[in-house]
Amino acid sequence: MLEIGTITEVEIQDLNHEGQGVARIDNFVVFISDAITGDKVKIKINGVKKHYATGEIIGIVKPSEFRAKAPCIYFEQCGGCQLMQMDYKEQLKYKRNKVINEFSRAKVRFDESIVNDTIGMEEPFRYRNKTAFSVTENNNGIQIGPYEQGTYNTVDIDDCKIQSIEADNVVKAFKRAMEKYNIKAYDKKTKKGTVRNIVIRNNRKNELMLIIVTSSENFYNKAPLIAEVVSSASNITTVVQNINDKNTNLIMGSKNITLYGEGIITDVIDDLIFTVSPDTFFQINPLQTEKLYRIAIEYADIYKDDICFDIYCGIGTISLMAAKKARKVYGVEIVEQSIVNAKENAKRNNIDNAKFYTGKAEQIVPKLYQQNIKADIVIVDPPRKGCEKEVTDTIISMAPKKIVYVSCNPSTLARDIKLLEEGGYTIKRVQPVDQFPWTIHVETVVLMSRVKN
Ligand code: SAH
């Protein structure tokens, strides 16, 4: 029996879905953080559960051939990236395996050979177009950065390898301006202070939107703070204040006030222009997003008479790409502002065959079906929790010839695919895409087609 405190040597056989190393001691599974497949490590058991134990590395006996030096000095503290000690090519293999493992676990009928190799990035750095950092204060002054692994403490960083250099500069300028004008970070415990978070969004031209999340609308020295930041970081084209006065771990509240510029930025995907507002969802890795969407559209193989649904459509990115080929596209999305943007985006790109609905997919899609609006091709791109059962049920009743499922979570993807399989669909193609290098996350596009009538 393993006990807490046991020290032993193990060889890492695999990585689990959270990126922890997996080893076995007398056939009992042990999960070890920061270990890489192939490592021989000395570990100390720090937790024992009924079906598994957890351990921490106390020494590397023989490093895996896939072990690499983390390209970021904050890697050990920061909770943002998990796989920085692993060779990038190996990360891509891990992500493909993750998809295969989830499919197998859900008992999906498929042959591994149809799961393509993960499409990676040539230059897997500085890829993010959005950063959300917390702002706190300690004895060293203002701290701005992501949360520490497993805690709500801020890791103060001034160089994040996955965000743009311009965004790094805004972080530095913002910190200096807060110090200069004596503006306090918000303290969750005492509920005093002003600035809770900053969110920076940038487009491919590196124009920046700075969103300052504060606990109240008015605060001391607000105007000079904004003037200072805007003048010291010339890429900023707009500044928005977001008010979050709730006791919550959510980053943003619901109220936005534009303090400088237009309150939006625009970006280009494929040959379409998109408006992005502070609170709308927009894929965070533009280069990979373009690849991802092109694959989704290729899989959809839309003919000019086809009616296409884009469920969970956000600001209509996939919808508008589909609309260029289809007879008509129906987009469904829960966030009202995203649909406002989607409609504007359609107009701006001269697309008049896309119709957008605000509301829960699980309500709108059944309603469309009741009105006899049926899709020939369904594209879904749900959040991590996957599709609601009402959505998959309605798709099955609607019987489109093809379903293209874009997913950021292989586990809910596998669950939903199994349901669709039971409803008469079969997997044809699977393409993992690395939207989030250095993290355990993987985006996947799946094509399913109908086998029964
Ligand atoms: N296809 C878009 C957005 C994908 S992200 C793109 O690639 O940009 C998932 C989207 O689903 C988000 O915009 C989110 O607001 C939306 N969403 C979440 N739950 C929903 C629900 N129950 N019904 C409809 N949309 C939902």
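Along the sequence shown, the residues carry numbers beginning at 1. What you see below is based on every heavy atom in this structure, not just the backbone, and it leaves out hydrogens, waters and symmetry mates. Order of appearance sets the numbers: ligands from 1, and atoms from 1 within every ligand.
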Quick one: does [X] get an N or O within less than 3.5 Å of an N or O on ligand 1?
X      : result
Val332 : no
Asp310 : no
Ile334 : yes

Quick one: which ligand 1 atoms are inside 4.0 Å of a heavy atom on [X]?
X      : answer
Lys360 : 23 (N)
Val335 : 15 (O)
Glu388 : 22 (N)

Shortest heavy-atom approach to atom 24 (C) of ligand 1 - which of Ala361, Gly316, Pro382: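 Minimum heavy-atom distance to atom 24 (C) of ligand 1 goes to Ala361.
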If you measure from atom 8 (O) of ligand 1 to every heavy atom of Tyr357, Tyr312, Tyr293, Phe274, which option wins on shortest distance?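 It is Tyr293 whose heavy atom sits nearest to atom 8 (O) of ligand 1.
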Is the closest heavy atom of Gly359 to ligand 1 under 4.0 Å? yes
Ligand 1 contacted by Ser338 (non-hydrogen, < 4.0 Å): no
Plane angle bin for Phe103 and Phe110 - parallel if under 30°, tilted between 30 and 60°, otherwise perpendicular: perpendicular
Test applied, side chain to side chain contact (heavy atoms under 4.5 Å, CB included); reference residue, Val430; option that passes from Asn116, Val115, Val108: Val115
